[in-house]
S.K.: 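Please find one structure pasted underneath; my questions will follow.
Counting convention: from 1, in listed order, for ligands and their atoms alike.
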Amino acid sequence: MSEAGAPLLEVVDLQVAYGHVQAVRGISFTVPDRAVVTLIGPNGAGKSSTLGAIAGLLRPRGGTVRLAGRDVTGLPAHTAVAAGLVLVPEGRAILARMTIEENLVLAAESRPQALPPAERPAAIEAQYARFPVLGERRRALAGTLSGGEQQMLAIARGLLARPRLLMLDEPSMGLAPQLVDRIFDLVAEIHREGTTILLVEQNARTALAVSDHGYVLERGQIALSGPCSTLASDPRVQAAYLGGDVE
Ligand SMILES: Nc1ncnc2c1ncn2[C@@H]1O[C@H](COP(=O)(O)OP(=O)(O)OP(=O)(O)O)[C@@H](O)[C@H]1O
Ligand SMILES: [Mg+2]
């Protein structure tokens with residue numbers, strides 16, 4: 001695991017509500033520069049709501065989000081992307097009726113200051129090299145890809161936005177075990193390349209294995225946190241989140 005740097009992301013007392021439903025009830029956490037931090041927890045714990053609020057898709061009801069010291073609380077989504085807060089949402093946000101290439105070209109335009117026009121073709125080719133299946137099918141409609149391939153396209157799109165913080169919401173959801181391994185290898189690879197990652201997962205064992213620091217979210221609050229090695233050996237985490245997993 002990498003050494004923890006200065007905090008890139010600081011979330012302080014974040015609250016998110018949908019009408020009367022309090023989804024996130026005042027959580028605080030940090031993501032050090034160049035680290036991988038994971039949020040784990042059961043269905044409905046508030047994981048996606050947390051990412052949505054950081055990415056500007058949801059307006060927080062309270063609290064503060066800072067990126068490299070700058071207050072980015074409640075920015076509209078496109079401004080959050082421009083600041084480098086890039087979310088690959090749950091359920092693979094791809095443009096199904098556009099080709100794979102069109103999906104990547106649009107993604108490469110999402111943060112113009114970070115990826116100037118002259119550098120975009122090479123950046124897209126780099127994603128084709130990382131994901132050969134996308135390169136082979138670049139003229140195919142994205143909707144014709146399998147679930148795993150669509151997840152790879154969604155991650156390639158996220159990377160082309162040149163994230164300062166890449167947020168991945170359940171990237172392994174619904175994938176066959178072999179593809180789950182591929183996705184987590186990819187998370188480790190992207191991390192090695194220097195990208196800071198905030199990973200949301202229900203697959204707690206694997207998420208703790210690829211991350212530096214973890215937070216357990218339960219009913220909108222942080223129930224436990226610590227270095228992933230400590231969390232993975234915590235009896236409470238083992239009982240609630242690791243017990244049913246197969247080694
Ligand atoms: N659009 C919405 N309208 C109303 N309530 C919502 C909405 N989205 C989420 N919620 C509620 O907010 C709470 C947190 O949901 P959230 O999707 O953030 O959880 P999660 O941890 O991502 O769960 P999952 O593991 O199922 O993805 C839940 O009680 C959920 O029912
Ligand atoms: Mg979710």
S.K.: What is the closest protein heavy atom to atom 17 (O) of ligand 1, and at what distance does it sit?
M.R.: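 Protein heavy atom with the smallest distance to atom 17 (O) of ligand 1: S48 CB, 3.8 Å.
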S.K.: Looking at every heavy atom in both S49 and V16, which two are closest together, and how far apart are they?
M.R.: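 Closest approach of S49 to V16: O-CG2, 4.0 Å.
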S.K.: Looking only at protein heavy atoms, identify the closest one to atom 2 (C) of ligand 1 and say how far it is in Å.
M.R.: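 Heavy-atom neighbour on the protein nearest atom 2 (C) of ligand 1: Y18 CD2, 3.4 Å.
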S.K.: Any salt bridge between K47 and E201, counting N to O under 4.0 Å?
M.R.: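 Judged by the 4.0 Å cut-off on N to carboxylate O distance, K47 and E201 do not form a salt bridge.
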S.K.: Would you check the N or O atoms of V21, main chain and side chain alike, for any that come under 3.5 Å of an N or O of ligand 1?
M.R.: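 No, there is no polar N/O contact under 3.5 Å.
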S.K.: Scan the protein's non-hydrogen atoms and note whether one is under 4.0 Å from atom 30 (C) of ligand 1.
M.R.: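 Answer no: nothing from the protein, no heavy atom, is under 4.0 Å.
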S.K.: Would you check whether G220 reaches within less than 4.0 Å of ligand 1, judged by its heavy atoms?
M.R.: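 No, G220 has no heavy atoms under 4.0 Å from ligand 1.
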S.K.: Kindly say whether D13 contributes a backbone atom to a donor-acceptor pair with the side chain of S28 at under 3.5 angstrom?
M.R.: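 Indeed, once roles are kept as given, a pair shorter than 3.5 Å links the two residues.
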S.K.: Hey, is the main chain of E218 close enough, under 3.5 Å, to the side chain of Q221 for a donor-acceptor pair?
M.R.: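 Not confirmed, Q221 side chain does not pair with E218 backbone.
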S.K.: Who's the nearest protein heavy-atom neighbour of atom 27 (O) of ligand 1, and how far?
M.R.: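 The answer is E90 OE2, 2.8 Å.
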S.K.: Is there a nitrogen or oxygen of S49 sitting under 3.5 Å from a nitrogen or oxygen of ligand 1?
M.R.: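 Yes - when backbone and side-chain N and O of S49 are compared with those of ligand 1, one distance drops under 3.5 Å.
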S.K.: Which residue supplies the protein heavy atom nearest to atom 26 (O) of ligand 1, what is that atom called, and how far is it?
M.R.: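 Result: N43 ND2, 2.7 Å.
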S.K.: Considering the heavy atoms of A23, write down every atom of ligand 1 situated less than 4.0 Å from one of them.
M.R.: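 Answer, ordered by atom number: 12 (O), 13 (C), 14 (C).
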S.K.: Kindly state if atom 10 (N) of ligand 1 has a protein heavy atom within a strict 4.0 Å cut-off, that is, under 4.0 Å?
M.R.: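 Under 4.0 Å from atom 10 (N) of ligand 1, at least one protein heavy atom found.
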S.K.: Inspect the contact between E125 and R120 and indicate whether a charged nitrogen and a carboxylate oxygen are less than 4.0 angstrom apart.
M.R.: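 Looking at E125 together with R120, the answer is no, because their closest N to O distance does not fall below 4.0 Å.
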S.K.: Under 3.5 Å, which donor-acceptor pairs do the side chains of residues 105-114 form with other protein atoms, sequence neighbours left out?
M.R.:
{"unit_1": "S110", "atom_1": "OG", "unit_2": "A107", "atom_2": "O", "d": "2.6"}
{"unit_1": "R111", "atom_1": "NE", "unit_2": "A82", "atom_2": "O", "d": "3.0"}
{"unit_1": "R111", "atom_1": "NH1", "unit_2": "R162", "atom_2": "O", "d": "2.5"}
{"unit_1": "Q113", "atom_1": "NE2", "unit_2": "A82", "atom_2": "O", "d": "2.9"}

S.K.: For residues I197 and V37, determine if any side-chain heavy atom of one lies less than 4.5 Å from a side-chain heavy atom of the other.
M.R.: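 No, their side chains stay 4.5 Å or more apart.
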S.K.: When you measure from the side chain of T79 to the backbone of L75, do you find a donor-acceptor pair of N or O atoms at a distance under 3.5 Å?
M.R.: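 No.
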S.K.: With rounding to 10 degrees, what does the angle S48:OG / the Mg ion (ligand 2) / E90:OE1 come to?
M.R.: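 That angle is 70°.
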S.K.: Starting from the C-alpha separation in whole Å, work towards a yes-or-no answer on side-chain contact (heavy atoms from CB on, under 4.5 Å) for L14 and T50.
M.R.: CA-CA 8 Å; L14 183 71; T50 299; 4.0 Å; yes
S.K.: Between G44 and ligand 1, does any nitrogen or oxygen pair lie at a separation below 3.5 Å?
M.R.: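 Right, the criterion is met.
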S.K.: Are any of the N/O atoms on G46, whether in the backbone or the side chain, positioned under 3.5 angstrom from an N/O atom of ligand 1?
M.R.: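 Min N/O separation from ligand 1 is below 3.5 Å for G46.
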S.K.: Relative to the heavy atoms of A45, which atoms of ligand 1 are at a distance of less than 4.0 Å?
M.R.: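 This gives 19 (O), 20 (P), 21 (O) as the contact atoms.
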